[in-house]
Novice: 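Before anything else, here's the structure in question.
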Amino acid sequence: MANKANKPQLLVNGKRLDGRAFNELRPLKIEAAVLKNADGSAYLEWGNNKILAAVYGPIEAMPKHVADPAKAIIKCRYSMAPFSSVGEHSRSGPNRRAIEISKVTKEAFENVVMLNDFPGSEIDIFIEVLQSDGGTRAAGITAAAVALANAGIHMKDLIYAVSAGKIDGNIVLDFNMIEDNYSDSDMPMAISPRNNDVLLLQMDGHFTREELKKAMGMVIEAGKTITKLQKDALNEVYKKAEVKYEEGA
Amino acid sequence: MRDILIPGDMVASEPLRMENTYVENGKTFAKVLGMYEREKKTLVPLEGVWIPKIGDIVVGIITGTKNTVYEVDLNFFGRSILIGSKYERQSYKNGDVVEAIVKDVEDRKTVILSGPKILYGGTVLNIKPIKVPRVIGKNNTMIGQIADLTGCNMIVGKNGTVWLKGEGVGVATEAIRQIEAEAHISGLTERIKRMLEEKCGPRRPRTQETEGAEEKFE
Amino acid sequence: MGAMDLVKNHYIKEILARGVREDGRGMFDFRNMKIVPGVIDHAEGSAQVDLGNTRVLAGVKMQVDEPMPDTPNQGNQIMSAELLPLAHAEYETGPPSPEAIELARVVDRGIRAANCIDLEGLFLEEGKVWSVFADIYVLNYDGNLFDASTLAVMAALMNARVPDYKDGKADYTNKATPLKINSVVASTTFCKLDRSLLLDPDMHEEGAADCRITITTDGEGVRAMQKGMSGSLSTSEIEKLVDLSFDKYREVKKKLEESSRRRD
C-alpha cells in the first residue's frame with residue numbers, strides 16, 4: 001500500500017479497471033498432478049498469477065531432532081521467482097515477507113492435515129510463484145490444498161484462500177496487483193469450507209465492523225466457486241485416464 | 001455407484017465406522033482422496049503412503065548394518081529393521097534387496113521384519129502403494145500375465161517396491177506404470193494383456209532366475 | 001544417495017555391459033525434447049523445457065544498471081540457477097548448493113563465450129547499460145540439468161523482448177524490440193559408466209556414472225567444456241565426444257528454431 005500520492009482511479013462507473021464486479025473473482029484455472037517427482041502437485045493460474053505447488057511426504061522427518069514421535073510435522077516454503085514480477089529482477093530465495101507467508105500457510109494446513117496419522121514424519125509443502133499479480137499467498141494456499149489431496153494426505157477438508165478488501169469505501173473481492181498496491185485495506189483469508197472456519201487471517205488498512213462482516217461474507221461466498229474448481233481439478237486427473245482408454249481402445 | 005470423494009466431502013449424515021473417514025458433529029466425512037463404493041460402503045484411497053500392517057509382504061533395500069541388526073528402506077516415512085538370528089552365518093550388505101514379512105509394527109511407525117529372502121540381481125521400482133493390489137490382480141492374475149508375457153521375474157511388495165529381473169524388465173516396467181495410471185478403470189487386465197502382446201508377442205517361457213533366491217532366517 | 005541408487009547403480013552397469021539403457025534408448029540419443037517459449041508474460045523472455053522427465057523453466061529479466069568497470073561499453077549477463085526443493089525429494093531449501101552454482105556457471109560460460117547475447121548492443125548511455133538476468137528454475141529433476149538448462153536459457157533469450165528505455169529508466173509496459181542474438185549454442189552432456197559413454201544421462205545413470213562431460217558448441221567450434229565427477233576420460237574419448245556434440249548441435253538447433261517459429 002505504497003505510493004498513495006499517485007494512486008490511480010481504481011473504480012470507474014462502479015466497475016473495476018479490469019471490468020469485474022466488486023464480488024467477482026479473476027479467472028481461475030487449476031490443474032492437479034503436474035510434476036513427476038512430487039507425491040502431489042498442482043499448477044494454478046489466477047488472474048495473471050502462475051503458481052506451482054508440490055507436496056512430498058509423509059517422509060521420515062529430517063533432521064531427526066525435529067521429528068515428533070506422536071505426529072507429523074509440516075514444513076512449508078513459499079517463494080517467488082526472480083522473474084515473476086513486471087518490474088525489475090528480484091533476488092531469488094525467500095525474503096522476510098516470504099518467510100512470514102510460509103509460516104502462516106503452514107499453520108493453516110496444520111489445522112486440517114491429520115497429523116496423528118503419520119507419526120514421526122514430515123510433510124513438505126512447496127509453493128513457487130512463477131508469475132505474480134497480487135493475491136499470491138491466497139493462490140498458493142489454494143494450489144497447495146489440491147497438491148496435498150493429490151498426494152493422498154489425510155485431511156479434514158480441502159481448504160481455499162482468497163482476499164477481500166476495500167477500495168474507496170467499497171468492499172471488493174480478489175485484488176489484482178494494482179488494486180493490491182493502492183487499496184485502502186486488504187484481508188487475505190483461508191477457509192475450511194465444511195464449516196467456514198477461518199484458518200488464515202491477515203489484514204491491514206481500515207475496516208469498520210460492518211465492512212469486515214461484508215468482506216468475510218464475500219470471501220465465503222467466493223469459496224463455493226473456488227472449492228468447485230479445486231475438486232474439478234482433482235476429478236480431472238482420474239477422469240483423464242478414462243478418456244485415454246476410450247481413445248486408445 | 002462409484003464416486004470420487006475429496007477430503008471434507010460428507011459420506012453420511014450419521015456417524016459411521018469406516019476406514020479413511022472421520023466423524024465430526026455426528027456426521028461422517030472423507031479424509032482422503034478416494035473412490036467411494038456406495039453399496040460396499042468403502043472408501044478406497046486413490047493416493048497415499050503405505051500404512052504397515054502385520055503380515056504384509058514387503059520388498060526393501062538394506063541400507064545399514066549394525067552387528068546383526070539391519071536397517072531396511074521400505075520407501076515410507078517410518079523406520080524398518082530386520083534382526084538377524086544369532087545362528088545366522090550369512091549377513092546382508094548395503095544395497096541387498098530383500099523380500100520379507102512384517103512381523104510387528106511399533107507405534108505405527110517402526111516395522112519389524114522377519115522371514116527375509118535375498119533377491120539377487122535385477123532392479124527395483126517404486127510404485128504408489130495404493131496401486132499394489134491392482135498390479136498383483138485377483139489371485140495373481142495381473143502379475144502372472146506380465147511375468148508370462150515378458151519373461152520377467154517380479155516380486156511386488158505391499159510397500160510399493162517392486163523387484164524385477166530378466167530380459168523383459170523394460171516392458172514389465174511399462175506395464176506396471178500403465179496399471180498405476182489406470183488402476184481405477186475397468187477392463188484393465190485385458191488392456192494390459194493387449195499392450196503386452198503387442199510388445200512381446202504371445203506368451204513365452206519364463207526364465208528361472210528366481211531360483212537363486214535363498215531362504216534366510218526362520 | 002538414496003536406497004534406490006544402491007540397487008540401480010549396479011543394475012545400470014550390468015545392462016550397459018550388454019549395450020542396453022534402462023529406457024531402451026541408443027547410447028547417443030537424447031530423450032524426448034519439448035520447448036515451450038513465452039510461458040511467463042512478466043518476464044522479458046522465458047521458456048520451459050522438458051528433457052524426458054527433467055523440467056527446467058528459464059526466465060529472462062532486463063533492467064537498467066551500471067556497467068562492470070572493465071566493460072564500460074557493454075551490457076551485463078548474469079546467470080543463476082535454483083534447484084527448487086519441489087523438483088526432487090533430495091533437494092533442500094537454503095542457499096544455492098555447489099551443484100546449482102556449477103550449473104549456472106557452465107551455462108553462463110557457453111552463452112558468454114559464443115557471444116549469444118549482443119552485449120555491446122546493450123549499451124544505453126555513459127554509465128548505463130542493460131543487465132540481462134537469466135534465471136534457471138529446475139522444476140523436476142531427472143538428470144542432465146546442463147543440457148536442459150542451456151536449452152531453456154537459449155530459448156528464453158530467443159524469446160526475449162527488450163523494454164523501452166525512457167528518461168534513464170526501463171518502461172516495462174512497452175516491450176517491442178526482440179533481444180538481439182548473435183549465435184545459438186547447444187550443450188551436450190555425456191556420462192561415462194565403466195567403459196560405456198552415453199549422451200543425456202537420466203538421474204539414475206548420472207548417479208551410477210564415474211565421469212561426466214558437458215560440451216557446448218555453436219556449430220562452428222567448441223565454446224565451453226566442463227568435466228565433472230572423479231572419473232577420467234582419454235583425449236581420444238574427448239575428441240570422439242566433441243565430434244558427436246557437433247552432430248547433436250544441428251538436432252538441437254532445429255528444435256530451438258522450430259519452437260521459436262511456432263511462437264511467432
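Order of the sequence lines fixes the chain letters, A, B, ..., with proteins taken first and strands second; residue numbering starts at 1 for each chain. Only this structure's heavy atoms are used, side chains among them; waters, hydrogens and symmetry mates stay out. The structure presented is a predicted model; accordingly, all values stated were derived computationally and were not measured.
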Novice: With a 4.5 Å heavy-atom cut-off (strictly below), which parts of residues 93-109 of chain B touch chain A? List them by number.
Specialist: B:Asp107, B:Arg108, B:Lys109
Novice: Quick one: do A:Arg194 and B:Glu24 make a salt bridge, cutoff under 4.0 Å?
Specialist: yes
Novice: Go through the atoms of A:Met114 and report whether side chain, backbone, both or neither lie under 4.5 Å from a heavy atom of chain B.
Specialist: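 Side chain only.
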Novice: I need the residue from A:Ser192, A:Gly57, A:Pro69 with the largest number of non-hydrogen atom pairs under 4.5 Å to chain B.
Specialist: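 Maximum pair count with chain B is reached by A:Pro69.
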Novice: I'd like to check B:Leu43 versus B:Glu19 (side-chain heavy atoms, cut-off strictly below 4.5 Å). Are they in contact?
Specialist: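 Sidechains of B:Glu19 and B:Leu43: no contact.
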Novice: Run the ring-ring contact (aromatic ring centres under 6.0 Å, His included) test against B:Phe77 and tell me which residues pass, sequence neighbours left out.
Specialist: A:Phe118
Novice: Within a 6.0 Å radius of atom CD on A:Glu107, are there more than 12 heavy atoms belonging to other residues, nucleotides or ligands?
Specialist: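 Yes, the 6.0 Å shell around CD holds more than 12 heavy atoms from other groups.
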Novice: Is any side-chain heavy atom of B:Ile146 closer than 4.5 Å to a side-chain heavy atom of B:Met154?
Specialist: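 A side-chain contact exists here, since the closest heavy-atom pair is under 4.5 Å.
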Novice: Please look at A:Ala151 and chain B and tell me whether the side chain, the backbone, both or neither of the residue comes under 4.5 angstrom of a heavy atom of that chain.
Specialist: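 Just its backbone gets close to chain B.
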Novice: Answer yes or no: does atom NZ of B:Lys128 have more than 12 heavy-atom neighbours from other residues, nucleotides or ligands under 6.0 Å?
Specialist: yes
Novice: If we define contacts as heavy-atom pairs under 4.5 Å, which of A:Asn116, A:Leu148, A:Val112, A:Thr227 has the most with chain B?
Specialist: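 Among A:Asn116, A:Leu148, A:Val112, A:Thr227, the one with the most close pairs to chain B is A:Asn116.
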Novice: Please determine whether a side-chain nitrogen of the Lys or Arg among B:Glu71 and B:Lys66 lies less than 4.0 Å from a carboxylate oxygen of the Asp or Glu.
Specialist: no
Novice: At a 4.5 Å cut-off on heavy atoms, which part of B:Ile130 comes close to chain A: side chain, backbone, both, or neither?
Specialist: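 Contact with chain A involves no heavy atom of B:Ile130 at all.
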Novice: Quick check for you: among A:Gln230, A:Lys156, A:Lys231, which has the greatest number of heavy-atom pairs under 4.5 Å with chain B?
Specialist: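 Answer, by heavy-atom pair count under 4.5 Å with chain B: A:Lys156.
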Novice: Answer with side chain, backbone, both or neither: which region of A:Ala70 has an atom nearer than 4.5 Å to a non-hydrogen atom of chain B?
Specialist: backbone
Novice: Less than 4.0 Å between a side-chain N and a carboxylate O, is that true for A:Asp68 and A:Lys71?
Specialist: yes
Novice: Which bit of A:Leu158 comes within less than 4.5 Å of chain B, counting heavy atoms only: side chain, backbone, both or neither?
Specialist: both
Novice: Should A:Gln202 and A:Glu100 count as side-chain neighbours, where that means a heavy-atom distance under 4.5 Å?
Specialist: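 The answer is yes, as the side chains (C-beta and beyond) meet within the 4.5 Å cut-off.
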Novice: Scan side-chain atoms only and decide if B:Asn75 and B:Trp50 contain a donor-acceptor pair under the 3.5 Å cut-off.
Specialist: no
